[in-house]
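Notes follow once the structure below has been shown.
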Amino acid sequence: MNLCTECHWDGWDRIVAIYPEVCTVLPEYINDKENYKIVLLEKGVLEIKDGRKKFEVKAPALICLTQRDKLDYRIVKEIKAEVLFFKPSAIRDEFTFERIDAGEFAEAYGQTIYQDYILIRFFGAGKDLSDHVIQLTVNGFKRLKEYYLSTEKELLEQKDGFWPCRSRSYLMEMLHFIVYSFVEVAPEEKESSGQEEFSKIAEYLNEHIDEHITLETLTKKFAINRNKLNALFMEQSSMTCLNYLLNLRLDLAKILLTKTELPIGEISARVGYPDANYFAKIFKNAVGKTPSKYRETQRKE
């Protein structure tokens with residue numbers, strides 16, 4: 001089965017290498033060897049067999065599968081799941097399984113291509129299938145499902161000419177959320193209370209990246225004073241809390257500016273700045289270029 005989405009428009013032959021599916025039984029092609037898979041387990045319980053080991057995955061949970069993974073599972077309690085199949089080339093044309101598995105892009109630190117590689121490198125991390133499972137909070141699942149539904153809507157409805165890049169943009173936002181909420185900030189096994197608290201706050205920042213967030217918002221939400229909050233972020237990330245949030249937003253904005261044709265005003269709103277002029281000012285102060293100039297120069301590289 002060709003797990004991609006074809007254009008419905010007359011005269012367009014565009015194909016997007018993303019395919020959404022909602023299911024109560026994981027599809028027989030869940031072990032397709034030509035795609036990565038993001039599985040959002042919304043309801044139920046799965047028992048997964050990994051060699052001689054078995055473990056249960058209870059909703060809400062996230063399962064990230066590579067083209068090499070073979071998911072051997074049994075439904076313990078009736079499930080509902082949303083699945084996104086996608087080829088890494090949906091993120092960047094150069095991303096083939098062969099080049100990714102060879103570790104080629106892991107050496108590209110500091111380059112734009114490395115920024116894109118960060119979004120998918122965790123798929124190949126870990127030795128066991130259990131390493132590819134993330135238990136989610138209710139809010140974490142809600143955010144991921146929003147990204148899934150936005151991607152699905154663009155792929156199925158295709159209302160305007162932006163549907164190919166907009167569907168890809170939601171996939172990239174989903175990956176950005178996964179990486180910076182659960183992978184990059186994941187506490188070590190012997191986590192300290194500071195690491196755990198930092199992870200919770202960082203996840204919250206990512207969940208609400210498109211909303212207005214202030215220090216007062218965070219101090220009330222997490223019952224922490226400003227000095228302790230900033231000290232915590234300096235210890236864990238070497239930057240203040242609001243600078244951490246700014247970097248999250250700028251990283252996502254750079255991805256959307258470079259990899260899509262979306263209007264800058266739409267990108268601005270999606271990274272938490274409803275005023276596009278203010279976003280342009282913030283972006284230029286941090287990056288040294290306006291969003292439009294940054295997009296132009298990145299396209300030439």
Side-chain angles (χ1 to χ4, degrees), residues 38-42 55-65 106 109 114-115 117-148 171-255 270-272:
I38 296 173
V39 182
L40 294 177
L41 185 63
E42 181 171 359
F55 62 95
E56 285 193 350
V57 180
K58 299 179 181 180
L62 168 70
I63 306 172
C64 299
L65 303 171
Y109 185 78
Y114 184 78
Q115 175 181 282
Y117 173 64
I118 288 174
L119 296 179
I120 57 171
R121 66 178 178 181
F122 70 92
F123 276 88
K127 298 179 180 179
D128 303 319
L129 275 175
S130 58
D131 296 326
H132 298 176
V133 176
I134 298 171
Q135 290 298 148
L136 299 172
T137 62
V138 172
N139 286 336
F141 174 82
K142 180 182 177 182
R143 189 65 168 181
L144 286 170
K145 186 172 179 180
E146 287 173 357
Y147 287 134
Y148 172 87
L171 170 62
M172 288 186 281
E173 280 195 71
M174 177 185 279
L175 293 170
H176 184 273
F177 178 75
I178 293 170
V179 169
Y180 291 103
S181 291
F182 310 117
V183 179
E184 294 294 319
V185 300
E188 301 294 335
E189 285 188 19
K190 296 181 179 179
E191 62 190 30
S192 68
S193 59
Q195 286 177 310
E196 185 177 8
E197 190 170 20
F198 169 75
S199 296
K200 288 179 180 178
I201 299 173
E203 182 179 345
Y204 178 87
L205 293 176
N206 227 337
E207 286 173 3
H208 300 273
I209 195 170
D210 58 344
E211 300 175 18
H212 180 61
I213 298 175
T214 65
L215 284 177
E216 185 178 6
T217 305
L218 299 172
T219 55
K220 288 183 177 180
K221 172 71 178 176
F222 294 96
I224 184 174
N225 66 52
R226 293 187 178 203
N227 291 337
K228 185 177 178 182
L229 177 64
N230 279 320
L232 175 65
F233 270 76
M234 286 299 296
E235 178 186 350
Q236 299 294 330
S237 69
S238 300
M239 62 184 78
T240 66
C241 181
L242 290 186
N243 278 339
Y244 182 90
L245 175 60
L246 174 63
N247 276 277
L248 271 181
R249 287 172 163 166
L250 291 176
D251 284 346
L252 180 55
K254 288 175 183 177
I255 291 167
R270 282 166 64 170
V271 298

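All of these numbers come straight from a predicted model, not from anything done at the bench. Any value given below was found using the heavy atoms of this structure, including those in side chains, with hydrogens, waters and symmetry copies removed. One-based numbering along the sequence shown.
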Which heavy atom in Leu136 sits nearest to a heavy atom in Ala61, and how many Å separate them?
CD1-C, 3.7 Å
Could you give me the CA-CA distance, side-chain angles and deciding distance for Met239 and Leu246, then say whether side-chain contact (heavy atoms from CB on, under 4.5 Å) is met?
CA-CA 10 Å; Met239 62 184 78; Leu246 174 63; over 6 Å; no
Kindly compute the distance separating CD (Gln135) from OG1 (Thr137), expressed to the nearest 0.5 Å.
11.0 Å
Please give me the minimum heavy-atom distance between His212 and Thr217, naming the atom from each residue.
O-OG1, 4.5 Å
Step through the shown structure and confirm whether more than 12 heavy atoms of other residues, nucleotides or ligands are within 6.0 Å of CD on Glu211.
yes
Using only atom types and a distance under 3.5 Å, with no angle test, would you say the side chain of Asn225 pairs donor to acceptor with the backbone of Asn227?
yes
Before giving the answer on side-chain contact (heavy atoms from CB on, under 4.5 Å), spell out for Tyr204 and Asn139 the whole-Å C-alpha distance, their side-chain angles and the decisive distance to 0.1 Å.
CA-CA 9 Å; Tyr204 178 87; Asn139 286 336; 6.0 Å; no
Taking all non-hydrogen atoms of both residues into account, name the closest pair between Gly140 and Phe177 and its distance.
O-CE2, 3.8 Å
Run Leu41 and Leu62 through side-chain contact (heavy atoms from CB on, under 4.5 Å) and show every step you take.
CA-CA 6 Å; Leu41 185 63; Leu62 168 70; over 6 Å; no
For residues Leu229 and Ile201, determine if any side-chain heavy atom of one lies less than 4.5 Å from a side-chain heavy atom of the other.
yes
Side chains of Leu248 and His176, heavy atoms from C-beta outward: is any pair under 4.5 Å?
yes
If only atom types and distance count, is the side chain of His132 paired as donor or acceptor with the main-chain N or O of Ile63 below 3.5 Å?
no
Surrounding NZ of Lys200 (heavy atoms of other residues, nucleotides or ligands, distance under 6.0 Å), is the total greater than 12?
no
Would you indicate whether the side-chain heavy atoms of Leu175 and Ile120 approach each other to under 4.5 Å?
yes
Measuring from atom OH of Tyr180 to atom CD1 of Ile209, what distance do you get when rounded to the nearest 0.5 angstrom?
10.0 Å
Derivation and outcome, side-chain contact (heavy atoms from CB on, under 4.5 Å), residues Leu144 and Ile38:
CA-CA 10 Å; Leu144 286 170; Ile38 296 173; over 6 Å; no
Could you report the tightest heavy-atom contact between Tyr114 and Ala106, atom names first, then the distance?
CE1-O, 3.9 Å
Rounded to the nearest 0.5 Å, how far does CG of Leu242 lie from CG of Leu218?
7.5 Å
Non-hydrogen side-chain atoms of Phe222 and Leu232 separated by less than 4.5 Å
no
So OH of Tyr244 and CG of Leu205: to nearest 0.5 Å the spacing works out to 7.0 Å
Can you tell me how far apart NZ (Lys221) and CD1 (Ile213) are? Round to the nearest 0.5 Å.
11.0 Å
Please report the shortest heavy-atom distance between Cys64 and Phe123, naming the atom on each side.
CB-CE2, 3.7 Å
Strictly distance-based, threshold 3.5 Å: is any side-chain N or O of Asn206 a donor or acceptor partner for the main-chain N or O of Glu203?
no
Give me the atom names and distance for the closest heavy-atom approach of Gln236 to Gly194.
NE2-C, 3.9 Å
Report yes if the distance between the aromatic ring centroids of Phe122 and Phe182 is under 6.0 Å, otherwise no.
no
Distance from Ile255 atom CD1 to Leu119 atom CG, nearest 0.5 Å?
4.5 Å
